[in-house]
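Note that ligands are numbered from 1 as they come in the structure, with each ligand's atoms numbered from 1 the same way.
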Amino acid sequence: MVILMKRTATEKDVAAVAEFLKNKGLGTHISKGQDATIIGVIGDKSCLAQTPLEMLPGVEKAVPIMQSYKLASRAFAPEGRVCHVGEEEIGGKKLALIGGPCAVESEEQIFEAARGVAAAGARFLRGGAYKPRTSPYSFQGLEEKGLPLLRQAADAYGLKVVSEIISENLIESEGQYVDMFQVGARNMQNFRLLRELGRCKIPVLLKRGIASTIDEWLDAAEYIMAGGNYNVVLCERGIRTFETATRNTLDICAVPVVKERSNLPIIVDPSHAAGKAAYIRSLSLAGIAAGADGIIVEVHPDPMNAKSDAAQQIKPDAFCALAEDIRRIAPVLGREA
Ligand code: PEP
Ligand code: MN
């Protein structure tokens, strides 16, 4: 952390700040510039996390130079982490392809989707049983009835199951059916949920909040990791901006930024970013080209009649063609698919 003093700060102000820090057990490195003095703080700054240093006389601002997350930081594991989902991996050389409907709607629908996803060569089936919908009047998912259907469909085609977890009270029951929990955008800062997921052994796909900065997202990942669960994958799913042409704005920049700041794998969700089936292919390829470790795409056998997110779901044959395109560009990026 560095503390920038005001131009008008006196020697006494600087000495008082140094004394304040000394009393907290911290050292200082004072550098007097022509215009202002900068105080470098030496030692464990965690005791200053809640201290409004700007309230001390003469202080212009305090700038943290270290991020608050540690386990999730690139510095902590410079080689990067691989998330293990059974015998499957996310974050290794092989790109992860996850496909499946927004919501599990019926046995027929989820089996049909699983068949298409497996035919595309993907290894993971997604499908929401519990759907956190913006309106209470929208379809809320089949809830506990959806989970066994999802499991059976995945098992029939040798796929891993990814499904959203909306409450810490469901971890145990839902954990019987899924291989990976998804934390949705709306729950990214549900800290109690994150903390409990940290205590369990099931891998977590952590989506970025609708209006969260990358550092807030990494802090959320840190909550899970701090509990001992390092099997975390980040998912960029579009953020809210002034643009209305798409449902959200896919923040492609987040991919290289996360790679630089964090050791966690990151995948891209073009479906919730675009909100429109026609854009899925471009955004998926852009995500992979930017360095993402995979994609999660909404795939529905009959998008026109989907009970949620109908406009953004693609048919299995389109997912198959997309997987083929990804396989073509993967070698250029030093990856496999
Ligand atoms: C979903 O994956 O269906 C979903 C609700 O996603 P998000 O949390 O990103 O909106
Ligand atoms: Mn959806």
Side-chain angles (χ1 to χ4, degrees), residues 90 96-105 109-110 113 117 122 124-136 138-143 146-147 150 160-167 170 174 178-190 193-194 197 203-212 214 216-217 220-221 224 232-241 246-251 254-255 258 266-277 279-280 283-284 287 292 294-315 319:
I90 305 179
L97 305 183
I98 308 175
C102 179
V104 181
E105 297 171 4
Q109 175 246 19
I110 195 64
V117 165
F124 300 85
L125 177 67
R126 64 148 288 151
Y130 298 94
K131 295 302 302 175
R133 305 302 302 282
T134 302
S135 162
S138 303
F139 174 60
Q140 303 287 313
L142 295 184
E143 304 189 321
L147 290 169
L150 183 59
K160 298 287 177 211
V161 163
V162 182
S163 197
E164 182 157 358
I165 178 87
I166 56 167
S167 160
L170 295 168
E174 187 171 339
V178 310
D179 299 300
M180 184 175 214
F181 283 128
Q182 171 177 316
V183 173
R186 290 155 194 82
N187 271 315
M188 188 206 84
Q189 287 188 314
N190 181 340
L193 173 62
L194 300 178
L197 289 170
V204 179
L205 179 64
L206 179 65
K207 288 195 155 195
R208 181 179 182 179
I210 243 162
S212 295
I214 291 170
E216 286 164 347
W217 186 19
I224 303 170
V232 178
V233 174
L234 300 165
C235 175
E236 162 60 41
R237 47 79 72 205
I239 49 174
R240 190 161 278 185
T241 69
T246 49
R247 183 175 178 185
N248 289 290
T249 297
L250 183 69
D251 183 9
V255 177
V258 160
I266 176 171
I267 65 167
V268 160
D269 172 351
S271 310
H272 294 86
K276 198 168 160 186
Y279 306 147
I280 304 308
L283 297 188
S284 300
I295 50 166
I296 179 167
V297 176
E298 287 192 338
V299 180
H300 194 294
D302 180 14
M304 280 303 282
N305 289 302
K307 291 190 175 166
S308 59
D309 288 349
Q312 68 194 34
Q313 307 210 51
I314 60 172
K315 288 190 175 171
F319 185 59

Has ligand 1 got any nitrogen or oxygen that is less than 3.5 angstrom from a nitrogen or oxygen of [X]?
X: A185; result: yes
X: K207; result: yes
X: K131; result: yes

Practice item. Not counting sequence neighbours, which residues clear side chain to side chain donor-acceptor pair (under 3.5 Å) with Q109? List them please. Key: H300
Keeping [X] on the side-chain end and [Y] on the backbone end, is there a donor-acceptor pair under 3.5 Å?
X: E236; Y: D251; value: yes
X: D269; Y: H272; value: yes
X: R126; Y: C102; value: yes

Exercise for review: May I ask you to list the atoms of ligand 1 that are less than 4.0 angstrom from any heavy atom of R237?
Suggested key: 7 (P), 9 (O), 10 (O)
Review point. Which ligand 1 atoms, with their elements, are less than 4.0 angstrom from a heavy-atom of C102?
Key: 3 (O)
Review point. Listing residue and atom name, which protein N/O/S atoms are closer to the Mn ion (ligand 2) than 2.8 Å?
Key: C102 SG, H272 NE2, E298 OE2, D309 OD2
Exercise for review: Not counting sequence neighbours, which residues clear side chain to side chain contact (heavy atoms under 4.5 Å, CB included) with A274? List them please.
Suggested key: Y279, I280, L283
Exercise for review: Out of H272, E164, E236, indicate the one that has the non-hydrogen atom closest to atom 1 (C) of ligand 1.
Suggested key: H272
Practice item. Just jot down the salt bridge (Lys or Arg N to Asp or Glu O under 4.0 Å) partners of K307, sequence neighbours excluded, or say none. Key: none
Point to revise | Salt bridge flag under 4.0 Å for residues K131 and D309 | key: no
Check your understanding: Out of I98, L97, V268, which one pairs with I296 under the side-chain contact (heavy atoms from CB on, under 4.5 Å) rule?
Key -> I98
